[in-house]
Engineer: 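This is the structure I want to talk about, given as structure tokens.
Predicted, not measured: the structure shown is a model, and the values here were computed from it.
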Amino acid sequence: PATSMAIIASATMSVGVARGFNCAKQLAQSRRSFQPRWTQSSLASASAPPHFRSVGTTTASFRRASSTCFVASDGATEATSSPPAETKSTTSSADNTDDDEIEQTAQNSLSITGSLPPPLNFGGLSYLDTTSLTSNKSHRVIFILGGPGAGKGTQSERIVDTYKCVHLSVGDLLRTGAERADYPHADMVKECLVQGNIVPVELSLGLLRIAMDEKADEEDAGYGSRIFLVDGFPRNYDNVQGWMENMPSYTAVLGALVYNCPMEVLEKRIMTRAETSGRSDDNLDSARRRFDTFQKQTEPVVRALERLEDLQAGKNSEGSQLKIVNIDGTGTVKDVWKATEAAMDTYVRNDVLTANNNLLKAIEEGDIEKFTDLCDGKLEIDPVFEGPTPSSISNAQVDIQNGTKAMVSYDRNIKDGLTVRETREWNHGPTGW
């Protein structure tokens, strides 16, 4: 909710309060400047913002993998793989391309963003109106992808701590589901795990949906409308197909964070991790097999998601619903976090601007009940409401602070040429923003 009404200053610098309302406190000024959407063509370096793809980027393509979701008998979740291969870069060979497969997967996955409408414009900023997700109780999802040792787990922990997201690993859910007394397919999943067989993707996604529903229904969560980080999924084309057959009615995929890191760096990290992790798959042979699997099976999925982003952007003047962000994972944890944070701010901005726009609609429509629902209960609001107030917005800026607080500033033209600068403070709480 908004914790305060706006400070308003007209062109003559006089200070007043928003039309029809008095606020209990003034807003603190934003502590850091708004960070614009990055569009450079290279991957995010250790000291640079993440790479948001531009429309029309040419993408590589790959042969389709034949497996679905596989859970090894030692507990490590992975897809079936080819023999180990020496690989020095996450950029796959042109010899391994299949543009038709990528195009078909992208075309078949256009509804992966669920009920999200095309992007809108708020004062010069493109954003997704997430009102339908809240009303439909659809889960917000971001895929977390990258090779073994690329930093997915480390960055996910930081995202959860800062943005209060929920981190879910399909492999972990399968192992837990196999032991659940109330799960009707527990015996089947357990047998697959014990024998090292493929787990049907429908079962994997069923457990994922159960986990999301349970987390969303937690009464003491403290944060509503949370984003779910789905780690290591989709791993291949069959996973994408399974998602499209089972999940769009319950979820909206906002995008993917893809951590790119060359094999030589991953090897060093995995061997360092092996000293303390106790994981049976933390060895060079296993790492090389997993990296080879990632290149052959998961990277084509990333290319298909990027193509899907392009297709959506081609239909909408404000861009695409899906946002795929490539992040260079070779830097320090702190440096990679800077790029991750910038990407997450962009995803969170959708909910913040949706709330702010709905608040302005309530003012314009004279809906005091809707307005009150979006405001902090501690606000002292003048009950006098002067009716509909049409306005237009320009020069908007958004500053996401520490994941759960945001400042939104913009110029609002009310009537008769009167333009005011409003700044609103938003907090992420039990009912969302």
Side-chain angles (χ1 to χ4, degrees), residues 35 44 49-50 77 130 133-134 137-177 204-205 207-235 247 250-259 261 269 273 276-277 279 323-327 329 331-352 400-406 426-433:
Q35 298 296 322
T77 306
T130 58
L133 304 188
T134 302
K137 295 185 178 180
S138 296
H139 302 305
R140 297 155 171 80
V141 171
I142 296 176
F143 295 141
I144 307 296
L145 300 172
K152 301 186 300 295
T154 299
Q155 295 301 316
S156 293
E157 289 178 2
R158 290 198 166 207
I159 295 173
V160 169
D161 182 60
T162 302
Y163 295 90
K164 310 308 175 186
C165 300
V166 178
H167 177 254
L168 297 173
S169 164
V170 174
D172 290 343
L173 293 176
L174 287 171
R175 287 184 282 274
T176 302
S204 301
L205 293 176
L207 285 169
L208 182 63
R209 183 187 169 192
I210 291 172
M212 289 192 288
D213 288 343
E214 290 177 346
K215 287 293 183 180
D217 292 338
E218 287 180 349
E219 295 182 359
D220 59 347
Y223 300 91
S225 301
R226 290 182 290 179
I227 294 174
F228 289 89
L229 309 176
V230 178
D231 190 348
F233 193 97
R235 292 179 178 271
M247 303 300 283
Y250 314 107
T251 63
V253 178
L254 304 177
L257 299 180
V258 184
Y259 293 93
C261 200
R269 289 181 178 176
R273 188 174 69 184
T276 57
S277 70
R279 290 176 50 169
K323 302 295 182 186
I324 309 302
V325 185
N326 284 281
I327 297 175
T332 65
V333 171
K334 183 177 180 180
D335 289 334
V336 177
W337 171 245
K338 289 180 181 178
T340 299
E341 188 176 28
M344 286 302 303
D345 284 355
T346 302
Y347 292 123
V348 170
R349 189 177 74 182
N350 294 320
D351 285 323
V352 174
I400 309 297
Q401 301 175 353
N402 299 321
T404 57
K405 181 178 179 180
W426 294 88
N427 285 316
H428 191 189
T431 60
W433 288 89

Engineer: Check side-chain hydrogen bond (donor to acceptor under 3.5 Å, both in side chains) between Y223 and all other residues, then give those that pass, not counting sequence neighbours.
Structural biologist: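 So Y223 forms no side-chain hydrogen bond (donor to acceptor under 3.5 Å, both in side chains) with any residue.
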Engineer: Could you pull out the closest heavy-atom pair between Y163 and V348, with the gap in Å?
Structural biologist: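 Where Y163 meets V348 most closely, the heavy atoms are CD2-CG2, 3.7 Å.
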Engineer: Going by heavy atoms in the side chains, are R158 and M344 under 4.5 Å from each other?
Structural biologist: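 Not touching, per the 4.5 Å side-chain cut-off.
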Engineer: Name the atoms and distances for all side-chain donor-acceptor pairs under 3.5 Å in residues 224-232, with sequence neighbours left out.
Structural biologist:
| from | atom 1 | to | atom 2 | distance (Å) |
| --- | --- | --- | --- | --- |
| R226 | NH2 | K215 | O | 2.9 |
| D231 | OD2 | H167 | NE2 | 2.9 |

Engineer: To the nearest 0.5 Å, what is the distance between CG on D345 and OG1 on T162?
Structural biologist: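 D345 CG to T162 OG1: 9.5 Å, rounded to 0.5 Å.
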Engineer: Restricting to non-hydrogen atoms, name the atom on V325 and the atom on Y347 that form the minimum distance, rounded to 0.1 Å.
Structural biologist: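 In terms of heavy atoms, the two residues are closest at CG2-OH, 3.6 Å.
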Engineer: Could you tell me which non-hydrogen atom of Y259 sits nearest to which non-hydrogen atom of I159, and how far apart they are?
Structural biologist: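 That closest heavy-atom pairing would be OH-CD1, 4.4 Å.
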Engineer: Pairs of donor and acceptor atoms involving the side chains of residues 139-148, under 3.5 Å and at least two apart or interchain, shall be tabulated with distances.
Structural biologist:
| from | atom 1 | to | atom 2 | distance (Å) |
| --- | --- | --- | --- | --- |
| H139 | NE2 | D213 | OD1 | 2.8 |
| R140 | NE | D351 | OD1 | 3.2 |
| R140 | NE | D351 | OD2 | 3.2 |
| R140 | NH2 | T134 | OG1 | 3.2 |
| R140 | NH2 | D351 | OD1 | 3.1 |

Engineer: Could you measure the distance from the NZ atom of K164 to the OG1 atom of T404? Nearest 0.5 Å is fine.
Structural biologist: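 Output value for this atom pair is 6.5 Å.
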Engineer: How long is the straight-line distance from OG1 of T251 back to CG of L208, given to the nearest 0.5 Å?
Structural biologist: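 Going from CG on L208 over to OG1 on T251, the span is 8.5 Å.
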Engineer: Among T340, V333, T332, which one satisfies side-chain contact (heavy atoms from CB on, under 4.5 Å) with V336?
Structural biologist: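 Among T340, V333, T332, the one meeting side-chain contact (heavy atoms from CB on, under 4.5 Å) with V336 is T340.
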Engineer: Indicate the atoms forming the closest heavy-atom contact of L207 with G177, along with that distance.
Structural biologist: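 Closest pair (atom of L207, atom of G177, distance): CD2-CA, 4.1 Å.
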Engineer: Rounded at 0.5 Å granularity, tell me how far CG in L174 sits from OG in S169.
Structural biologist: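 Result: 8.5 Å between the selected atoms.
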Engineer: Does a side-chain heavy-atom distance below 4.5 Å link L168 with F233?
Structural biologist: no
Engineer: Between R175 and D172, does at least one N-O distance fall below 4.0 Å, as a salt bridge requires?
Structural biologist: yes
